[in-house]
There are 2 protein chains.
Amino acid sequence: MPSDCRSVNEILARVGDKWSVLVVSLLGDGAMRFSELRRLIGGISQKMLTTTLRGLERDGFVTRTVTPTIPPRVDYELTSLGRDLLVPVRALGDWARHNRSRVEKARARFDQMAKS
Amino acid sequence: MPSDCRSVNEILARVGDKWSVLVVSLLGDGAMRFSELRRLIGGISQKMLTTTLRGLERDGFVTRTVTPTIPPRVDYELTSLGRDLLVPVRALGDWARHNRSRVEKARARFDQMAKS
DNA sequence: CCGTATCCCTCCGGATACTG
DNA sequence: CAGTATCCGGAGGGATACGG
């Protein structure tokens, strides 16, 4: 089925980008505001966090709620679609954790062979 | 757990790149040679297919078997690790197929709002 | 048939500085 | 606090040509 390859690829592209999965996972524990996410993630730039959240919002995975106080407050929360997505994403994450050493060993062997 | 974030990210990066998942899925139906993969995928350049296969081989997901005939013949096959990976990857693929329309609708709505 | 090398271009993502 | 604008380096990935 080449027809739905594109749509599958689009989802995988989201999943594969540098921050989306991490953000979705964190929001899986409940709604959070921008600065909380930024602090918890640690190594992300302001720009990329904004970009990532916009993408997730666009695809319907998170909602964005602005409270126009001073200073402003913005909360992000998973939609039901986002919580749905969390299921297969977590499965993949668990797989990665369980098999990390196998992959690392394979890499070490491969790189060893290549050094000749 | 920030410790295993890196390893998880590495797997997700593989999954998220443009061709790896497609190649692994195709090899899920059995061993194939280079030109078969190339023909079935359709839109991939020779360079990227080689690169993708090398990466998958390095991580221990596929084996590469050269038959030094003339012309040469090279077969690729999933390892047990590769077949393992197929399970969560297929789950994610199924999810993408089932929810494609929800995502598309969310995008259409978002883009509509943004046009104002 | 299979792989490498080269060129080139796009886009991701970080750093920084500035608005409301 | 949250977001935008700008600049910039580098990786990803396509086209082409060549080698074994």
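We use all heavy atoms of the structure for the numbers below, so side chains are in, but hydrogens, waters and symmetry mates are not.
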Just to be sure I understand the geometry, which residues of residues 51-67 of chain B put a non-hydrogen atom under 4.0 Å away from DNA chain D? none
For B/P71 and for B/T50, find the nucleotide of DNA chain C with the closest heavy atom, then tell me which residue's nucleotide is more 5'. B/P71
Any side-chain N or O of A/R33 below 4.0 angstrom from OP1/OP2 of D/dA2? yes
Closest-nucleotide 5' rank along DNA chain C - winner of A/P72 and A/Q46: A/Q46
Which of A/L78, A/L81, A/L27 passes side chain to side chain contact (heavy atoms under 4.5 Å, CB included) with A/L86? Answer is A/L78
Please state how far atom CG in A/L49 lies from atom C1' in D/dT4, giving the value in whole angstrom units. 14 Å
Specify the separation, in whole Å, of atom CZ of B/R38 and atom C1' of D/dG13. 14 Å
Scan nucleotides 13-15 of chain C against the protein and return all N/O pairs shorter than 3.5 Å with their distances rounded to 0.1 Å.
from	atom 1	to	atom 2	distance (Å)
C/dG13	OP1	A/K18	N	3.3
C/dG13	N7	A/K47	NZ	3.2
C/dG14	OP1	A/K18	NZ	2.7
C/dG14	O6	A/K47	NZ	2.1

Between the OH atom in B/Y76 and the CD atom in B/E36, the distance rounded to the nearest 0.5 Å is 12.5 Å
Backbone of A/G28 reached by a side-chain donor or acceptor of A/R83 within 3.5 Å: no
Quick one: does any side-chain atom of A/T67 pair with a main-chain N or O of A/T69 as donor and acceptor, under 3.5 Å? no
Quick one: does A/F61's side chain get under 4.5 Å of A/L85's, heavy atoms only? yes
Looking at D/dG3, I'd like to know if its phosphate oxygens (OP1 or OP2) sit under 4.0 Å from a side-chain N or O belonging to A/Y76. yes
Distance (rounded to the nearest 0.5 Å) between A/D17 CG and B/N9 CG: 9.5 Å
I need the CG-C1' distance between A/L37 and D/dG3, as an integer number of Å. 15 Å
State plainly whether one hydrophobic cluster holds both B/I44 and B/V74, where clusters connect Ile, Leu, Val, Met, Phe, Trp and Tyr through side-chain heavy atoms under 4.5 angstrom apart. yes
B/L22 and B/T52, any side-chain heavy atoms less than 4.5 Å apart: no
Quick one: is C/dC2 close enough that its OP1 or OP2 comes under 4.0 Å of any side-chain N or O from B/S35? yes
Is the closest side-chain heavy-atom distance between A/L56 and A/R14 below 4.5 Å? yes
